[in-house]
Amino acid sequence: MGFIDISNVHRSFGKIKAVDNVSLQVEKGEVFGLLGPNGAGKSTLISMIATILDQDSGKITVSGYDTKAAPKQVKTRIGLVPQEIALYPSLTAGENLAFWGKMYGLPKSKLKEKVDMALDIAGLKERQKDRIETYSGGMKRRINIAASLLHNPEILIMDEPTVGIDPQSRKHILDTVLDLNSRGMTIVYTSHYMEEVEYLCQRIAIMDNGKIIALGEKEELKLMAGSSSAVAIEASNIDEELIGRIKSLEGVEDALNESYGIKVVVKDPDAMLSRIIEETEKGDSTISSVNVEKPNLESVFLHLTGKALRD
Amino acid sequence: MIFDIAIKDLKVVYRDKLALAVLLLMPAAIIIILGLALSSMFSNEPAVEKFSIAVVDNDGANMSRVLVDGILKENLHELLDVKEVDDNEADILVANGDAAAVITLPEGFTKDFENGNPVKIKIKSSVDNEFHSGIVESIIESFAESVSLNRIGTESIIKVLIKSGTVDMQNMDIKIGQIVSSIQGSLNRKLVEFNEDKQERSENLSAIQYYSATMLVMFMLFGAIQGSKAFVEEREMKTLERIIAARANKAQIIAGKFLGLYIVCILQSAILIVFTSLVYNVDWGNSLPGIFLITVCAVFTGAAFGMFIAAVSRTSNAADGLGMILVQIFTLIGGGMVPYYILPESIKKLAMVTLNWWAVKGYHDIMLGSGLQNVIPYCAILLLMGIAYLSFGTARLKIR
């Protein structure tokens with residue numbers, strides 16, 4: 001049995017199956033990644049682990065406690081970082097953290113110490129008296145995380161914690177995750193940014209349409225995509241006709257129209273590169289850059305679902 | 001935990017300067033504007049402008065002349081411009097809109113009165129002038145009531161006097177004449193005193209007093225709507241969900257939010273009462289316990305109404321829109337904009353389902369000299385309404 005044990009869990013909203021027969025285990029002390037596009041069911045699964053939402057069927061246990069039968073025991077062990085900035089904009093960072101500390105039941109004597117600790121983790125101690133509404137998006141995200149650490153949880157569940165932030169704050173958050181994990185905290189990290197999940201997590205589950213479509217060590221998952229690479233061509237005037245012509249080239253597995261240009265999945269990029277460029281330049285397209293990407297979680301998702309992760 | 005949620009809400013409201021201005025400065029400004037602008041409606045001068053009526057006197061005897069000359073032409077000369085005409089002229093005047101109504105006194109009007117028979121007074125009113133013709137009907141009804149009261153009272157007393165031997169049958173004519181005039185004079189005095197007393201109650205309530213109470217209730221409800229909007233916003237921001245994930249349950253969240261809203265509305269009401277009392281010299285009456293009780297109950301119902309709005313609204317904008325519309329309707333039919341005693345009876349009946357009606361009545365009664373005892377029934381009704389709103393709200397409120 002895992003530290004978090006999920007078995008045969010279902011949850012529907014009306015006719016929509018948000019989580020469809022999901023089973024997985026998260027081991028103590030690991031950083032577990034939950035990867036999938038928006039609407040895959042990640043947030044619903046997390047809400048059920050955090051006892052905010054009940055499953056229709058199946059069972060979830062956290063540290064041996066059933067989420068339905070013993071929600072209080074589960075809550076004391078979990079810190080939840082919601083996808084939204086769930087803070088009060090007109091209150092200062094210090095006031096926000098003090099409020100959330102009280103909500104976690106911290107005694108008055110320990111409150112200040114815990115708030116200081118959380119501010120240290122967020123790296124925003126010097127701005128604790130500023131209102132949240134004056135913070136940048138990244139700083140808000142850091143306080144959003146800090147508010148979930150006040151009661152020293154054993155498990156930190158992070159739902160898309162880096163959406164819409166600057167690179168500096170993103171780096172700070174990723175470093176914080178690794179630091180907390182190095183101190184023994186189990187982390188469940190959900191994102192649709194595959195590079196973050198790949199960077200942080202030892203084991204990964206990929207979700208799509210409410211189901212787990214792949215689960216395992218990240219290197220194992222990459223093997224699922226075979227040895228295919230992606231050639232990312234930044235170019236203008238890409239149309240469906242060009243995509244079709246490239247798809248029809250021998251040795252090309254797939255071609256996708258991306259916002260920056262075209263992505264071509266191939267077995268042997270070295271052999272194919274000149275032919276793809278030549279075909280692209282036949283039309284009105286002007287190439288500004290070419291980049292060869294080795295197999296990654298994006299290509300695993302593409303391989304499994306036939307669509308890009310950010311679709 | 002409940003107190004922590006309530007205190008946090010108080011801090012959030014205190015930090016929102018715009019909301020504070022809406023809750024405190026706006027009512028203070030509107031009370032003085034309405035108080036000054038509509039003061040004539042509350043003064044001793046007739047609030048209604050003078051208007052014309054036509055009278056057709058087919059009787060021409062004693063009683064009809066008392067009504068026409070004594071009452072309509074003399075006593076009510078500031079209100080009525082009386083034109084004595086025949087039937088045909090009367091119809092033309094009403095049809096042209098030159099007279100609001102025609103009063104037709106039938107032949108034998110005085111005789112019927114003297115014999116105690118039912119008298120028929122015909123009132124024909126202009127369809128475009130229901131308000132003025134309503135006033136005419138009231139005047140005639142009051143006249144008929146007072147005359148029959150005099151007659152019945154006089155007859156009863158004379159019968160008792162004859163039975164008891166106080167009146168000598170031989171000199172009865174002379175003595176009865178004296179007794180009748182004495183009794184009628186006494187009854188008239190009584191009647192006048194009664195009317196004056198009724199009049200005094202409404203005259204004593206100044207415009208600024210009237211609107212201090214109505215605007216206090218309306219803006220207290222606006223405060224409650226701000227609270228309901230904030231509740232739904234928290235649902236959208238997922239802070240409520242986060243509180244659930246921390247430790248609290250739904251009941252604790254609702255209790256905390258209700259308590260916070262209640263404290264905000266109580267403070268707002270207290271500030272407005274003290275402010276209008278000190279700055280506008282508004283007389284809130286002599287019963288501090290009465291004012292306290294009606295405020296506590298009205299705010300309870302207002303805060304419960306806020307929870308009801310939060311429960312039926314999917315988005316914060318919907319809560320804001322629905323709440324504002326309902327509060328304005330409640331205020332309008334509850335006499336918040338125009339004095340409730342000039343509202344049609346049907347609207348008055350409808351207004352009884354609003355908390356504004358009972359709360360404002362309570363405040364006005366205390367302003368007019370009533371005490372704690374008199375407002376207890378109003379408070380009971382307010383509390384029942386509040387319990388109904390809160391029960392529905394608690395059952396229907398969603399945290400996520």
Side-chain angles (χ1 to χ4, degrees), chain A residues 13 43-44 46-54 62 67 71-92 94-106 108 111 131-134 140 143-145 147-151 153 155-157 159-160, chain B residues 1-23 223 226-261 263-264 310 314-316 397-400:
Chain A
F13 297 103
S43 295
T44 306
I46 278 176
S47 295
M48 290 189 287
I49 298 170
T51 74
I52 294 169
L53 194 64
D54 282 341
V62 174
T67 51
K72 277 190 180 174
Q73 281 81 354
V74 173
K75 282 176 182 185
T76 56
R77 284 162 175 81
I78 285 180
L80 175 69
V81 182
Q83 188 173 341
E84 296 78 10
I85 310 284
L87 301 169
Y88 298 99
S90 59
L91 302 186
T92 67
E95 287 169 336
N96 263 287
L97 292 173
F99 172 73
W100 290 112
K102 287 174 192 166
M103 290 300 101
Y104 281 117
L106 294 180
K108 248 186 178 179
L111 195 59
R131 291 187 189 190
I132 291 294
E133 63 199 2
T134 66
K140 286 177 188 169
I143 295 292
N144 207 31
I145 294 169
S148 304
L149 299 169
L150 289 156
H151 61 305
I155 302 161
L156 186 66
I157 300 177
D159 191 1
E160 306 270 7
Chain B
M1 180 160 294
I2 291 168
F3 284 103
D4 293 327
I5 294 171
I7 289 166
K8 180 268 301 170
D9 278 358
L10 288 178
K11 273 187 192 168
V12 169
V13 171
Y14 176 72
R15 295 276 165 82
D16 188 349
K17 303 297 178 208
L18 183 66
L20 280 182
V22 169
L23 298 182
Q226 290 289 321
S228 68
K229 186 184 169 192
F231 191 105
V232 184
E233 270 174 354
E234 280 214 45
R235 192 164 64 207
E236 290 165 351
M237 283 161 50
K238 307 283 182 185
T239 44
L240 295 183
E241 205 170 291
R242 191 170 204 171
I243 295 174
I244 289 277
R247 210 175 53 133
N249 56 39
K250 183 184 165 185
Q252 287 172 313
I253 291 178
I254 291 173
K257 300 294 289 178
F258 181 77
L259 182 63
L261 188 53
I263 295 171
V264 168
R314 278 173 171 257
T315 65
S316 53
L397 268 170
K398 286 191 172 73
I399 301 300
R400 53 171 288 135

- Quick one: of Asp16(B), Leu240(B), Ile5(B), who has the most non-hydrogen atom pairs under 4.5 Å with chain A? Ile5(B)
- Hey, is CZ on Phe13(A) packed in by over 12 heavy atoms from elsewhere, all under 6.0 Å? yes
- Region of Asn96(A) in contact with chain B, defined by heavy-atom distances below 4.5 Å: neither
- Does NZ in Lys17(B) sit with more than 12 non-hydrogen atoms of other residues, nucleotides or ligands closer than 6.0 Å? yes
- Honestly, the part of Glu95(A) sitting under 4.5 Å from a heavy atom of chain B is side chain
- Answer whether the closest heavy-atom distance between the side chains of Tyr88(A) and Asp9(B) falls below 4.5 Å. no
- Note on the structure: Shortest non-hydrogen pair, Ala86(A) vs Arg242(B), comes out as O-NH1, 3.3 Å
- Message: Just so I understand: if I count every heavy-atom pair under 4.5 Å between each of Lys72(A), Arg131(A), Gln83(A) and chain B, which residue has the most?
- Response: Arg131(A)
- Task: Could you look at Pro89(A) and say if it's the side chain, the backbone, both or neither that has a heavy atom under 4.5 Å from chain B?
- Result: side chain
- Message: Are the side chains of Phe99(A) and Ile243(B) in contact, using a 4.5 Å heavy-atom criterion?
- Response: yes
- Message: Please identify, among Ile52(A), Leu150(A), Thr51(A), Ile78(A), the residue contributing the most non-hydrogen atom pairs under 4.5 Å to chain B.
- Response: Ile52(A)
- Could you tell me which portion of Ser47(A) (side chain, backbone, both or neither) has an atom closer than 4.5 angstrom to a non-hydrogen atom of chain B? side chain
- Query: Considering heavy atoms only, which positions within residues 244-254 of chain B lie below 4.5 Å of chain A?
  - Reply: Ile244(B), Ala245(B), Ala246(B), Arg247(B), Ala248(B)
- Does Val12(B) reach the side chain of Leu91(A), with side-chain heavy atoms less than 4.5 Å apart? yes
- Query: Tell me, side chain or backbone of Ile7(B) under 4.5 Å from chain A's heavy atoms, or both, or neither?
  - Reply: neither
- Message: Does any backbone or side-chain atom of Lys102(A) lie under 4.5 Å from a heavy atom of chain B? Answer side chain, backbone, both or neither.
- Response: both
- Okay, Ala98(A) and chain B: the region with an atom under 4.5 Å from a heavy atom over there is neither
- Query: Among Lys11(B), Lys238(B), Lys8(B), which residue forms the greatest number of heavy-atom pairs with chain A at distances under 4.5 Å?
  - Reply: Lys8(B)
- Task: Mind listing the closest non-hydrogen atom pair of Arg15(B) and Thr92(A) along with its distance?
- Result: NH1-N, 4.1 Å
- Query: Given that the side chain runs from C-beta out, which part of Leu87(A) has a heavy atom under 4.5 Å from chain B: side chain, backbone, both or neither?
  - Reply: both
- Task: Flag the pair Thr239(B) / Glu84(A) as yes when at least one side-chain heavy-atom distance between them is below 4.5 Å, and no otherwise.
- Result: no
